[in-house]
Amino acid sequence: MTDSAVIALDVGGTGMKCALVGPDGKVHYAERHPTQAARGPEAVTANILDVAAGLADRARAAGLDPVACGVVVPGVVDEESGVAVWSSNVGFRDVPVRALVAERLGVPAALGHDVRAGGMAEARLGAARDQRHVLFMAIGTGIAAAHVVDGRAFAGAHGAAGEVGHVIVRPGGPECGCGVRGCLESVASASAIGRRYAELSGLAQATAFDVAARAAAGEPLATAVWTDAVEALADGLLTAQALYDAGVIVLGGGLAEAGEALLAPLRTALDQRITFHRMPQLVRAALGDTAGCLGAALLALDSLS
Ligand SMILES: [Zn+2]
């Protein structure tokens, strides 16, 4: 009997992470490609279809039967209709990705949202395995979250749930990409932390990683910027906890690479704010930047059951 595998693609603004994954979540093969978003949405779609078809061929060549395909993208995604509604960094507007993939490959396909899929993967295969109520928060250039209960992520009525990055934590604060002032991601995303430190220090540029390292070395300005960001994150998480009552909050994305330098002060700051809510566990994501791709595989596997 031929073993089966699903084809999984996590399509981001700059790159695509792709894999062949077995029914048990085992990764048989992985590859990465540039998204080439600058070439426009039609070219990106054609690229996705070619890469998926190439993976199907590779599966067959390895004696695996490609039985389904899962694709995840950022932005607003209608998972029920399989349409990428809006994604500025990939250039998608109402692209019926699921139908296009199913037609090209001749197998069932699923379309999902990158952060929700990543949260599903962390909940089922990663840092929150065996936890029922999970909030996954990805902190990178922006901040987005996924509420996962019993391994299923909730998309909301319009495919736009989990935008914790746009909870206002500093009214009148820095202007956010969404046009409002003081959103969590305008203060505490990895990009915002680096930008703030560069502004105050007079450096041409700085990354959140530089700020974490300088704060760990005891530099007062870096410590102040880092502490401000941690306090803002704690304010955002307090709101999230009031809404979701998570058992565990999994922090992923680039900023989580700081590990305990982020988690330890964040636990303290959240604990100080907690009143009637219950304190969740705060842990670092376990799957790194492969979470979205593994989540795409889970969506493909789920589409078969
Ligand atoms: Zn915003």
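These numbers come from the heavy atoms of this one structure, side chains and all, not from hydrogens, waters or symmetry mates. In each ligand, atom 1 is the first atom listed, and ligand 1 is the first ligand listed. Numbering starts at 1 and runs along the sequence shown.
- Heavy atoms of other residues, nucleotides or ligands lying less than 6.0 angstrom from CZ of Arg273 number more than 12.
- Gln241 places a side-chain N or O within donor-acceptor distance of the main-chain N or O of Arg278, the cut-off being under 3.5 Å.
- In this structure, Ser186 has no side chain to side chain donor-acceptor pair (under 3.5 Å) partners at least two apart in sequence or on a different chain.
- By the rule that hydrophobic residues join a cluster once side-chain heavy atoms approach within less than 4.5 Å of another member, Val164 and Val250 end up as members of separate clusters.
- The minimum heavy-atom distance between Leu105 and Ile7, with the atom names listed, is CD1-CD1, 4.0 Å.
- Of all protein N, O or S atoms, those under 2.8 Å from the Zn ion (ligand 1) number 4.
- A donor-acceptor contact under 3.5 angstrom links the side chains of His33 and Glu31, judged on distance only.
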